[in-house]
Protein chains: 2
Amino acid sequence: MEDFLLEHIRRHITLTEEEGKTVLAAMRRRKLKKKHFLLQEGEVNQSSFFVVSGILRLYSVDANGFEHIIQFAAEGWWISDMQSLLTQTAGNLYIDAIEDSEIWQVSKPDIDLLYQKIPALERYFRLLAENAVAAYQQRFVSSLSQNAKDRYASFCRLYPGLILQLPQKHIAAYIGVTPEFLSKMLNQLNNPS
Amino acid sequence: MEDFLLEHIRRHITLTEEEGKTVLAAMRRRKLKKKHFLLQEGEVNQSSFFVVSGILRLYSVDANGFEHIIQFAAEGWWISDMQSLLTQTAGNLYIDAIEDSEIWQVSKPDIDLLYQKIPALERYFRLLAENAVAAYQQRFVSSLSQNAKDRYASFCRLYPGLILQLPQKHIAAYIGVTPEFLSKMLNQLNNPS
DNA sequence: CGCCTGTCTTAACCTGGATTAAGTTTTCCG
DNA sequence: CGGAAAACTTAATCCAGGTTAAGACAGGCG
C-alpha cells in the first residue's frame, strides 16, 4: 500500500519513477486516532491531507455548539479547509478522524515546490479541484431543492459505502437535520404503516 | 475592453504576447439577451463561459417548477455546469442571463488543445477551481449552520455589489427562501417596531 | 466483567419558513 | 404614452423539521 497515492495520481497524469520519488519525499505520514484533530477553528490550514486509510470529516461548529459536516473524506480522498489553505489565514473549520486513520500530508510551501519541479501536478490538482466543484454544485442542487427524505436518498445513492460505515448522527449533520429527526424519518421509511 | 480576459488571466499567470493571441483565437464571442439560455436541463454543457459584461445565473428547477440558484456570475467570472462539462453527459442545470450580457466561451475540445499549447493555463484554471472550492465550502457553512436572516447577512457581506443589482426574487432563490418570506424578513429588518 | 459515556429512539410540543391568495407597484415594450 | 406582465407586499393558515426530555441500548475501556 506504499504506492496508494502514486497510483491515485497516475490515474490522472503520468509520472516518471523519479518524479514519483520526489512526490513521496514531500509527504509527511502520520496516524490519527479517532476523534483527534488535524485542524481546529482559529488555526491556519498549513497542509493538504490525503487519506490512506480510515475516514475524516470537515465541519463547522455553529454558535450553539452544533456540528455541520461539509465533507467526508474516505480512503483516496484529499481534504482541507480550502479558504484557509489558499489565503494562509485563520480558518473557521475543523477536520478530525471519525475512525483511526492514516494520513499523508504536504505542506503548502512543499506543494508549491512540487509544482515547480513537476508541472504535471498542476493538471492533477486542477482535475481534482474541478471534480470537487462538480460535486459541490450537485450537492447544492440537493440541498436547495430537496426535502430531508430526498436528501437522505441522494446521499445513499451517491455514497452507498459511507451509509454502512458512518454513525447516524454524522449523516444527520451532513444532510442538515437533527439526529432525532433522522431517526424518526428512518423509522417511517421502514414502517410505512 | 478587448483585453479584459487576458488581464484576468495575467493576474494569475504570465502569458507571452503570442500565447495571449492563441487564447483569444480560441474564444467565441456572443451577446446574450436577458432571459436567454446558455444551457438548459438535458443538454450537454459543451463550453466554459466567461462573463465580459452583464450577469448570469446557474440554477436548477425542482419538481414543482421552483428555481434554486447555485451561483451567480458577474463580470470577470467563469461559469459552467461542471458535472456536465467534465463528463460530457446531459446535465440537470440551467444557465441564463439576468441582464443583457456579453459572453466569451471556449469549447471543451478547444480548452484541451489550449492546455497542450500553453501548459501554464493548467495553473490558471487550477487556481480558479480551488477558489471556487473555497467559496462553495464557505457557502455550505452558511447554508447548513445559519438561519435565513443570517444567510441574507452573509450574502450582503460577501457580494455587496450584487444586492444592489439583483431583483429580490433571485436573492431569495440563492439563499434558499421564498420571495414572500424574504420580503417579510426585509420589512422586519427595516421596521424593527 | 461491569460501568459509563456515547448513540439511538420515542414522543409531546414548538416555530421558522412555506403556501395560498389578494392586492399594489414597477417595468418594460409596443 | 398605455396596458400587460413582472416584481414586490401583506396576511392568514399550515407543516416540516426543531426542541426538549426521557429512556433504551450499545460498546469501549479500565
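Please read these numbers as outputs of a predicted model, since none were measured by experiment.
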**Side-chain ion pair, Asp100(B) and Lys33(B), N-O less than 4.0 Å** = yes
**Request:** Kindly state which residues belonging to residues 141-150 of chain B come within less than 4.0 angstrom of DNA chain D, counting heavy atoms of the residue only, listed by number.
**Result:** none
**Prompt:** Side chains of Ser154(B) and Gln146(B): is there a donor and an acceptor less than 3.5 Å apart?
**Reply:** yes
**Message:** With a 4.5 Å cut-off on side-chain heavy-atom distances among I, L, V, M, F, W and Y, is there a chain of contacts connecting Ile69(B) to Tyr152(B)?
**Reply:** yes
**Request:** Look at Arg123(B) together with Glu122(A) and state whether they make a salt bridge at an N to O cut-off of under 4.0 Å.
**Result:** yes
**Complete:** Residues of residues 167-184 of chain A with a heavy atom under 4.0 Å from any atom of DNA chain C, listed by number, are Pro167(A), Gln168(A), Lys169(A), Glu180(A), Ser183(A)
**Complete:** Atom CE of Met185(A) and atom P of dA16(D) are separated, to the nearest Å, by 13 Å
**Prompt:** With a distance cut-off below 6.0 Å to the six-membered ring centre and an angular limit of 45° from the axis, does Arg139(B) pair with Tyr174(B) as a cation-pi contact?
**Reply:** yes
**Message:** Would you say the ring centers of Tyr159(B) and Phe72(B) fall short of 6.0 Å from each other?
**Reply:** no
**Request:** Taking only Lys NZ, Arg NE, NH1 and NH2, and the carboxylate oxygens of Asp or Glu, determine whether Arg126(A) and Glu130(A) approach each other closer than 4.0 Å.
**Result:** yes
**Asked** Under a 4.0 Å N-O cut-off, is there an ion pair linking Glu67(B) with Lys169(B)?
**Response** no
**Stretch residues 154-166 of chain A: residues that reach within less than 4.0 Å of DNA chain C through a heavy atom** = none
**Charged N-O contact under 4.0 Å between Glu19(A) and Lys117(A)** = no
**Request:** Is it possible for you to check whether Arg29(A) lies under 6.0 Å from the centre of the six-membered ring of Phe50(A), through NZ or CZ, and within 45° of that ring's axis?
**Result:** no
**Fill in**
Taken to the nearest whole Å, CD/Glu99(A) to C1'/dG28(D) is 15 Å
**Request:** Could you pick out which residue, Lys34(B) or Arg151(B), lies toward the 5' side of DNA chain C when each is mapped onto its nearest nucleotide?
**Result:** Arg151(B)
**Asked** Could you state the CG-C1' distance from Leu186(B) to dT25(C), rounded to the nearest angstrom?
**Response** 16 Å
**Distance-only side-chain donor-acceptor flag, Asp96(B) / Tyr59(B), under 3.5 Å** = yes
**Message:** Distance check needed: dT19(D) P versus Asn64(A) CG, whole Å only.
**Reply:** 8 Å
